[in-house]
Trainee: 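I'd like to ask you about the structure that follows.
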Amino acid sequence: MTHERLTTHDYLIIGAGPAGLQLAALLERDGRDYVVLEAGTAPGTFFATYPRHRRLISINKVYTGSDDPEFNLRMDWNSLLSDDPALRFGRYSRRYFPAADDLRRYLADFASATGVRVVYQTRVVRVSRDTDGFAAVDADGRTWRARRLVVATGVSRLYVPPIPGIEHAERYDTVTVDPEDFVDQRVMIIGKGNSGFETADNLVETAAVVHVAGPHSIRFAWQSHYVGHLRAVNNNFLDTYQLKSQNAVLDGTVESIERRADGGYRVRFRYARTVEAIREIEYDRVIVCTGFRFDADIFDDTCRPRLVINDRFPEQTPAYESTTVPDLYFAGTLTQQRDFKRSTSGFIHGFRYGVRALHRILNARYHGIGWPATPIEPTPEAIADAIIARVNRSSALWQQFGVLGDVVALRGGTAAYHEEVPVAYLAEGGLGGGSALVVTLEYGANHDMVDPFDISVPRPRENDASAAHEASYLHPVVRHYRDGTVVAVHHLAENLENQWNLPTVHQQPLAAFVKERLADVGC
C-alpha cells in the first residue's frame with residue numbers, strides 16, 4: 001500500500017504477528033483509520049525462527065466431539081478470532097503439536113482474507129511523542145504519525161542474564177540445531193524453560209553429556225497450570241537424567257563462564273543444595289536458553305515506557321496502556337506483564353481475547369461505543385441460566401482464567417450481560433462502577449502446590465456443592481462487586497466434563513446466591 005507521509009492515523013500498530021493481525025482485523029471490520037508496520041516480508045516473522053526446532057507447544061485438537069465453534073476454541077490454541085469458519089487453524093494442520101511453518105501459512109492467509117492494512121519490510125527504528133501524538137521513523141527514513149500507538153512486537157530479543165563471561169556462550173537464537181554438530185561433546189544449557197529442554201532433547205542421541213542448569217526448581221505445566229512452564233512434549237530429557245544416562249539437571253547459579261585456551265569452557269557453578277558450594281566444570285559447549293524480553297530501544301526519552309520484571313516487559317494498566325506514557329498501548333504476548341506466569345496472556349490462545357478486550361476499550365475511550373451488552377431479565381433464574389450457559393461453552397473465560405470475566409451489571413432494577421471484561425479493568429471502574437456479578441473460571445488456591453497425580457492427596461469430591469469453595473481444579477467463581485469491591489463470593493463445584501449444569505449441584509445453589517445478591521441491591 002502507499003502512504004502519505006503527512007497523514008496522522010488514529011492508530012499505528014507496530015508488528016504484524018498474531019496480536020497485530022488480530023487487532024488490525026477488528027479495526028478493519030469497524031472501518032477505523034489505522035496502519036500496521038511490519039519489519040519482515042510476511043506476517044509472523046518471529047515464527048520463521050522460533051521455536052528453533054520448529055514444533056509448537058500450542059495445542060491443535062481438531063476432534064472434540066462438538067460442532068460449537070466457541071467451545072472448540074478451548075482446544076484450538078492457534079486460531080485468531082474471526083466469524084469466518086475458513087480461518088480456523090485446524091484446516092492447516094491436524095497435528096496436536098503443529099509445525100511453526102503451518103502457523104506462518106495460516107497468519108498469511110488470515111491477513112489476506114481480512115484485508116488488514118500492513119506495510120511490510122518497514123522496520124521502526126525510533127519512536128517519539130509530542131502534543132500531536134506519536135511519530136515512528138522507519139529504517140528508510142520515513143515518518144509515520146498516529147494519535148495512538150499499539151506495540152505488538154512481542155518479546156523479540158533474547159534475555160541474557162548478567163553472568164560474567166556470558167558473551168562467550170552460544171545463544172538459543174543462533175546456535176546450530178543439527179545434533180551431529182554435538183557428537184561426543186559435553187554441553188551445558190543455561191535455562192530450565194521449554195527452550196532449554198527443547199534444545200536438550202535434541203542432543204540426547206549425540207552429545208556425550210548434557211547438563212541443564214538454572215537457579216530455580218523445574219516447574220511442570222501439568223502442576224502449575226501455566227502453559228509456559230515445562231511441557232511434557234519437551235521433557236523427555238528428564239527420563240535420561242533420572243535413569244542415569246550421563247545427563248543431569250543442575251540446581252544453582254552459573255557464577256562465571258571462562259573460555260579455555262583449547263576452545264572449551266570452564267564454568268564456575270554454585271550449587272543450591274550441596275556441601276560443595278562452588279564447583280568448576282569443563283564443557284565443550286555452553287548454550288544460553290534463558291527466554292526473551294521486550295525490545296524498548298526504539299523509544300526515545302519522550303515516550304520510553306517503564307519496564308518491569310527484570311526490564312523484560314513494559315508496565316501496563318488494566319487497560320493495556322503504559323503506566324507512564326498516555327495513549328501507548330500493548331497487545332499480544334507483551335500483555336503477560338498483567339498476569340505473569342499465572343494465566344495465558346503470553347500465548348495466542350490467551351491474548352487473542354485480550355486483544356479483543358483492548359479493541360473494546362479503545363472503542364469506549366475514543367469512539368463513544370460502550371462494551372457490548374445483552375439485556376436479561378433481572379431474576380435469579382434468568383441470570384443463573386445465562387451464567388451456566390456461558391461457563392459451559394465460553395473459550396475466553398476458559399483460556400484467560402482469572403483474568404477475563406463475564407459481568408452482569410445490575411442497575412436500576414435492570415440487568416445487562418457483558419462478556420469477556422478484564423476483571424482488573426472492571427475493578428477500576430471500567431464499566432462505570434455500581435453493582436455487578438462477575439463470572440470467572442479459576443483454579444483453587446494452592447492448586448500448584450500438590451502433585452496432581454498423587455491419589456493420596458485429599459481433594460473435594462466431584463459435584464460436591466458443599467465443598468465447592470475448596471475446589472483445586474478449574475471451576476466457575478461468581479463474585480458480587482460493589483463499586484470495585486468484592487462483597488460476596490460463590491463457587492460452583494468441580495465437574496469432570498466441565499459442564500456445570502446439574503440442577504441440585506450447580507444451578508440451584510447459584511440461583512440462590514443470585515437471589516440473595518439481587519435482594520442486596522434492591523432488584
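Being a predicted model, the structure only gives us computed values, none of them experimental. Counting begins at 1 with the first residue of the sequence.
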Trainee: So Ile13 and Val35, side chain to side chain contact (heavy atoms under 4.5 Å, CB included) or not? Walk me through it.
Mentor: CA-CA 6 Å; Ile13 302 171; Val35 66; over 6 Å; no
Trainee: Between Phe401 and Glu442, does a side chain to side chain contact (heavy atoms under 4.5 Å, CB included) hold up when you go through it step by step?
Mentor: CA-CA 5 Å; Phe401 51 89; Glu442 299 178 22; 5.6 Å; no
Trainee: Is the closest side-chain heavy-atom distance between Tyr172 and Ile189 below 4.5 Å?
Mentor: no
Trainee: Between Phe89 and Tyr106, does a ring pair (Phe, Tyr, Trp, His ring centres under 6.0 Å) hold up when you go through it step by step?
Mentor: CA-CA 7 Å; Phe89 183 79; Tyr106 168 76; 5.8 Å; yes
Trainee: Looking just at side-chain N and O atoms, do Tyr353 and Ser395 make a donor-acceptor pair shorter than 3.5 Å?
Mentor: yes
Trainee: Determine the minimum heavy-atom distance between Ile57 and Val227, stating which atoms define it.
Mentor: CD1-O, 4.3 Å
Trainee: What's the separation between atom CD in Glu28 and atom CG in Leu23, rounded to the nearest 0.5 Å?
Mentor: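 Taking CD in Glu28 and CG in Leu23, the distance rounds to 11.5 Å.
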Trainee: Are Arg304 and Asp301 close enough for a salt bridge, meaning some N to O gap below 4.0 Å?
Mentor: no
Trainee: Do the side chains of Leu21 and Leu107 get nearer than 4.5 Å, heavy atoms only?
Mentor: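 A side-chain contact under 4.5 Å exists here.
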Trainee: Just checking, is any N or O donor in the side chain of Asp84 or Ser82 under 3.5 Å from an acceptor N or O on the other one?
Mentor: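 No, because no side-chain N or O of Asp84 sits under 3.5 Å from a partner of the opposite role on Ser82.
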Trainee: Could you tell me which residues satisfy ring pair (Phe, Tyr, Trp, His ring centres under 6.0 Å) with Phe47, sequence neighbours excluded, listed by chain and number?
Mentor: none
Trainee: In terms of side-chain heavy atoms, does Arg88 have a donor or acceptor partner in Asn78 at a distance below 3.5 Å?
Mentor: no
Trainee: Closest approach of Gly405 and Thr440, non-hydrogen atoms and distance?
Mentor: CA-CG2, 3.9 Å
Trainee: Salt bridge check, Glu321 against Arg365: does any charged N sit closer than 4.0 Å to a carboxylate O?
Mentor: yes
Trainee: We want to know whether His447 and Ser472 form a side-chain donor-acceptor pair, criterion being a heavy-atom distance below 3.5 angstrom.
Mentor: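 Their side chains do not contain a donor-acceptor pair, so the 3.5 Å distance test is not met.
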Trainee: Could you grab the distance from atom OG1 of Thr344 to atom CG of Asp339, nearest 0.5 Å is fine?
Mentor: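 Spacing of OG1 (Thr344) from CG (Asp339) equals 6.5 Å.
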Trainee: Would you say the side chains of Thr199 and Asn202 form a donor-acceptor pair under 3.5 Å?
Mentor: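 Asn202 and Thr199 do not have a side-chain donor-acceptor pair below 3.5 Å.
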Trainee: Looking only at the aromatic ring of each residue, does the gap between the centers of Tyr34 and His9 stay below 6.0 angstrom?
Mentor: no
Trainee: With sequence neighbours left out, what residues match Asp83 under side chain to side chain contact (heavy atoms under 4.5 Å, CB included)?
Mentor: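 None.
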Trainee: With a 4.5 Å limit on heavy-atom distance, are the side chains of Ile166 and Ile190 in contact?
Mentor: yes
Trainee: About how many Å separate CG of Asp184 and OG1 of Thr206, when rounded to the nearest 0.5 Å?
Mentor: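 It comes to 9.5 Å.
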Trainee: Could you please spell out the steps behind the side chain to side chain contact (heavy atoms under 4.5 Å, CB included) verdict for Tyr366 and Arg148?
Mentor: CA-CA 10 Å; Tyr366 304 114; Arg148 292 167 284 278; 3.1 Å; yes
Trainee: What is the minimum heavy-atom distance between Asn194 and Arg231, and which atoms define it?
Mentor: OD1-N, 3.1 Å
Trainee: Out of curiosity, Phe97 CZ to Asn234 CG, how far, rounded to the nearest 0.5 Å?
Mentor: 8.5 Å
Trainee: Set out, in order, the CA-CA distance, both residues' side-chain angles and the distance that settles side-chain hydrogen bond (donor to acceptor under 3.5 Å, both in side chains) for Thr253 and Glu255, then state yes or no.
Mentor: CA-CA 6 Å; Thr253 57; Glu255 298 289 300; 2.9 Å; yes
Trainee: Give a yes or no on whether the backbone of Thr333 and the side-chain of Gln336 come within a donor-acceptor separation of less than 3.5 Å.
Mentor: yes
Trainee: In the structure I gave you, are the side-chain heavy atoms of Asp138 and Arg123 within less than 4.5 Å of one another anywhere?
Mentor: no
Trainee: Does atom CZ of Arg259 have more than 12 heavy-atom neighbours from other groups under 6.0 Å away?
Mentor: yes
Trainee: Would you say the ring centers of Tyr271 and Phe269 fall short of 6.0 Å from each other?
Mentor: yes
Trainee: Does a side-chain heavy-atom distance below 4.5 Å link Phe453 with Trp222?
Mentor: yes
Trainee: Would you say Asp30 and His359 are linked by a side-chain donor-acceptor pair, where the criterion is simply a distance under 3.5 Å?
Mentor: yes
Trainee: Using a strict threshold of under 4.0 Å (side-chain N to carboxylate O), is an ion pair present between Asp327 and Arg129?
Mentor: yes
Trainee: Nearest 0.5 Å, please: how far is CG in Leu81 from CZ in Arg352?
Mentor: 6.0 Å
Trainee: Using a strict cut-off of less than 4.0 Å between a Lys/Arg side-chain nitrogen and an Asp/Glu carboxylate oxygen, indicate whether Arg52 and Glu198 qualify as a salt bridge.
Mentor: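 Salt bridge: no.
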Trainee: Given side chain to side chain contact (heavy atoms under 4.5 Å, CB included), test Arg145 with Thr143 step by step and report yes or no.
Mentor: CA-CA 7 Å; Arg145 297 197 61 88; Thr143 299; 4.1 Å; yes
Trainee: Does the pair Arg54/Asp101 count as a salt bridge with the N-to-O cut at 4.0 Å?
Mentor: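 Yes, charged N to carboxylate O under 4.0 Å.
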Trainee: Please check this pair: side chain of Thr335 against backbone of Gly332, looking for a donor-acceptor N/O pair closer than 3.5 Å.
Mentor: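 Yes; at least one donor-acceptor contact below 3.5 Å.
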Trainee: Just distance, no hydrogens or angles: give the donor-acceptor pairs under 3.5 Å from side chains in residues 282-296, sequence neighbours left out.
Mentor:
| residue | atom | partner | partner atom | Å |
| --- | --- | --- | --- | --- |
| Glu282 | OE1 | Arg260 | NE | 3.4 |
| Glu282 | OE1 | Arg260 | NH1 | 2.5 |
| Glu282 | OE2 | Arg266 | NE | 3.0 |
| Tyr283 | OH | His211 | ND1 | 2.7 |
| Asp284 | OD2 | Arg186 | N | 2.7 |
| Arg285 | NE | Glu170 | OE2 | 2.6 |
| Arg285 | NH1 | Asp181 | O | 3.0 |
| Arg285 | NH1 | Gln185 | OE1 | 3.0 |
| Arg285 | NH2 | Glu170 | OE1 | 3.2 |
| Thr290 | OG1 | Tyr159 | O | 2.4 |
| Asp295 | OD1 | Arg157 | NH1 | 3.4 |
| Asp295 | OD1 | Asp297 | N | 3.1 |

Trainee: Answer yes or no: does atom NE2 of His168 have more than 12 heavy-atom neighbours from other residues, nucleotides or ligands under 6.0 Å?
Mentor: yes
Trainee: Which pair of heavy atoms, one from Val127 and one from Ala136, lies closest together, and at what distance?
Mentor: CG2-CB, 4.3 Å
Trainee: Show, in sequence, the C-alpha distance, side-chain angles and deciding distance for Ser79 and Asp76, and conclude whether the side-chain hydrogen bond (donor to acceptor under 3.5 Å, both in side chains) test is met.
Mentor: CA-CA 6 Å; Ser79 290; Asp76 174 357; 2.5 Å; yes
Trainee: Assess the side chains of Glu315 and Ser322: does a donor N or O sit below 3.5 Å from an acceptor N or O?
Mentor: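 Result is no, nothing qualifies.
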Trainee: Do Glu70 and Ser394 come close enough that some side-chain heavy atom pair is under 4.5 Å?
Mentor: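 Yes - at least one pair of side-chain heavy atoms lies under 4.5 Å apart.
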Trainee: Would you say the side chain of Asn60 lies within less than 4.5 Å of the side chain of Tyr92, judging by non-hydrogen atoms?
Mentor: no
Trainee: Test Ser245 against Asn247 for side-chain hydrogen bond (donor to acceptor under 3.5 Å, both in side chains), laying out the working first.
Mentor: CA-CA 6 Å; Ser245 296; Asn247 299 325; over 6 Å; no
Trainee: Compare all side-chain heavy atoms of Val249 with those of Ile218 and state whether any distance is below 4.5 angstrom.
Mentor: yes
Trainee: What are the two closest non-hydrogen atoms of Tyr473 and Asn498, and how far apart are they?
Mentor: CE2-OD1, 3.5 Å
Trainee: Quick one: do Arg147 and Asp132 make a salt bridge, cutoff under 4.0 Å?
Mentor: no
Trainee: Out of curiosity, Tyr443 OH to His475 NE2, how far, rounded to the nearest 0.5 Å?
Mentor: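 Atom-to-atom, Tyr443:OH and His475:NE2 are 11.5 Å apart.
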